[in-house]
Amino acid sequence: MFANRTNWDLTPNRLSEALAAHRAEGKPLLDLTVSNPTECGFSYDSKAILEALSNPGALTYEPNPRGLESARRAVAEYYASRSEDVSVSDIFLTTSTSEGYSYAFRMLCNPGDEVLVPSPSYPLFDFLAEIQDVKLVRYPLIYDHGWQVDFHALEKAVTARTRAVIVVHPNNPTGHFAKPSEMSRLNSICSARQMAIVADEVFLDFALDGNRAESFATNSGVLTFTLSGLSKISGLPQMKAAWLAVSGPQNLKREALGRLEVIADTYLSQNAPVQLAMPTLLRQRHSFLEQLLSRVRANLEQLDRLLRRQNACSRLATEGGWYVVLRVPAIRSDQDLALELLTSKEIYVHPGHFYDFPTDGFLVMSLITPEAIFSKGMTGVFELFR
Ligand SMILES: Cc1ncc(COP(=O)(O)O)c(C=O)c1O
């Protein structure tokens, strides 16, 4: 009765089973994997947010495949505030970055076509690709004085069926940005082989050094789809508001905009109250960014203090984003280490394999964890390696 693409093995792994059992027993948990900003003690201007959601304009339906112009103008102003010139007509509103990926995949790929994804990276890609009948092919990132793309391996991974390269800028969980030299190398590879770039910039604003990283949204050398949204930028994932910005050589861009318009018109995804609230919701980013960076920096400083007191573990360099990668002795598989931390110390961390790290010996922690929990949890992690 069901399509092969939904033949997933949905049996939970040992770690998720143990976590569910731990929670069901009501035991305390130091959760170092939290990623929902609305549950991490940040303060939001609830009055402004709720008022913006009750705009009387929401009583009228004005369907537009790209989304309401007022909302797209707010997105264009977001880019303008970063000195990036993005036209309102090149923006499509979506309900999530995930939906933005699916628009791009539907437009670029026939069933079985390939898309290159970085490894290690964020684990949702597999499902996103499978449900669009797209085949993912991984290109490795190497850690050597910081993270970088292994371009030799990337070029070897390209086949006649490769339609696009995904770049997560900065990447989750490695926290590195694509460097200008990498962007230009990627442009040469993609334009020579008629491949598009899909740039996921949900963490773009969260640079630890406070410097502004260049966006792909104005990349004109190659057909480029830049994805971002309010989930991370304003810490408002519940609003289901994101976008996709198209850039590239004029002829390809025109063709892509026409096709995207049909895809977007088929769904007309975003609802009116959220579109009307977009300018206000986007403005929340200033206060959110400040609180978030202060949390991330405080947690990293505490982590570095704890690291100086031991010599079994180290952390990988990070430039931005919400996560940190800890290099630990590979005395057991990283899944077993995470299980042991859960059962013996009531600490929950993600094993590196969850993000496709090629070997054991990596644990991933969220830097948006409230400071007291992060500090207590990390102290417990280091006790395991004493
Ligand atoms: C790299 C990356 N892209 C996209 C998303 C999801 O964004 P959205 O809520 O807009 O689908 C996440 C969520 O963690 C992410 O880590």
Side-chain angles (χ1 to χ4, degrees), residues 31-40 42 67 71 75 78 91-106 115-129 131-132 136 138-139 141 147 149 164-178 197-207 213 215-217 225-245 264 267 269-271 274-275 278 281-282 284-285 288 292 296 318-325 350 352 354-357 364-369:
D31 187 352
L32 304 186
T33 69
V34 286
S35 62
N36 178 351
T38 64
E39 289 181 347
C40 290
F42 296 114
V75 175
Y78 159 72
I91 295 167
F92 286 77
L93 302 183
T94 60
T95 51
S96 61
T97 316
S98 304
E99 191 177 55
Y101 275 114
S102 79
Y103 282 16
F105 290 167
R106 298 309 287 173
V115 168
L116 300 188
V117 287
S119 167
S121 194
Y122 158 70
L124 194 68
F125 292 132
D126 293 298
F127 289 100
L128 278 173
I131 53 182
Q132 323 288 333
L136 292 184
R138 289 178 157 79
Y139 66 90
L141 303 171
W147 288 97
V149 175
V165 179
I166 292 179
V167 188
V168 185
H169 178 51
N171 192 34
N172 168 5
T174 59
H176 75 287
F177 288 88
I197 293 176
V198 178
D200 179 333
E201 297 190 340
V202 296
F203 295 112
L204 186 68
D205 294 345
F206 304 101
S215 165
F216 277 87
F225 303 94
T226 302
L227 313 176
S228 191
L230 298 182
S231 288
K232 304 291 187 284
I233 288 184
S234 295
L236 294 168
Q238 74 277 34
M239 297 300 165
K240 304 304 297 173
W243 61 83
L244 176 156
Y267 294 104
S269 295
Q270 255 197 19
N271 66 67
V274 166
Q275 292 184 66
M278 274 296 258
L281 301 181
L282 260 171
Q284 306 308 310
R285 73 184 188 276
F288 180 69
L292 191 121
V296 164
T318 174
E319 297 163 356
W322 295 10
Y323 303 93
V324 66
V325 181
H350 276 152
F354 189 67
Y355 299 86
D356 206 25
F357 274 80
V364 176
M365 270 77 53
S366 164
L367 290 168
I368 72 165
T369 309

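Atoms considered below: every heavy atom in the structure, side chains included; atoms not considered: hydrogens, waters and symmetry mates. Order of appearance sets the numbers: ligands from 1, and atoms from 1 within every ligand.
The aromatic rings of Tyr323 and Tyr355 are tilted relative to each other, their planes meeting at an angle between 30° and 60°.
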Any protein N/O atoms within less than 3.5 Å of an N/O atom in ligand 1? List the atom names and distances, or say none.
unit_1	atom_1	unit_2	atom_2	d
ligand 1	3 (N)	Asp200	OD1	3.3
ligand 1	3 (N)	Asp200	OD2	2.6
ligand 1	7 (O)	Thr97	OG1	3.3
ligand 1	9 (O)	Ser231	OG	2.7
ligand 1	10 (O)	Thr97	N	2.8
ligand 1	10 (O)	Thr97	OG1	2.5
ligand 1	11 (O)	Thr97	N	3.2
ligand 1	11 (O)	Ser98	N	3.3
ligand 1	11 (O)	Ser98	OG	3.3
ligand 1	14 (O)	Lys232	NZ	3.1
ligand 1	16 (O)	Asn172	ND2	2.7

Enumerate donor-acceptor pairs with a distance under 3.5 Å from any side-chain N or O in residues 237-244 to protein atoms, sequence neighbours excluded.
unit_1	atom_1	unit_2	atom_2	d
Trp243	NE1	Tyr79	OH	2.9

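Considering only heavy atoms from C-beta on, Ser215 comes within 4.5 Å of Thr226 through its side chain. In this structure, the side chains of Tyr78 and Ile233 come closer than 4.5 Å at one or more pairs of heavy atoms.
Residue Arg138 qualifies as enclosed at atom CZ: its count of foreign heavy atoms under 6.0 Å is above 12.
Atom CE of Met365 sits about 11.0 Å away from atom NE2 of His350, to the nearest 0.5 Å.
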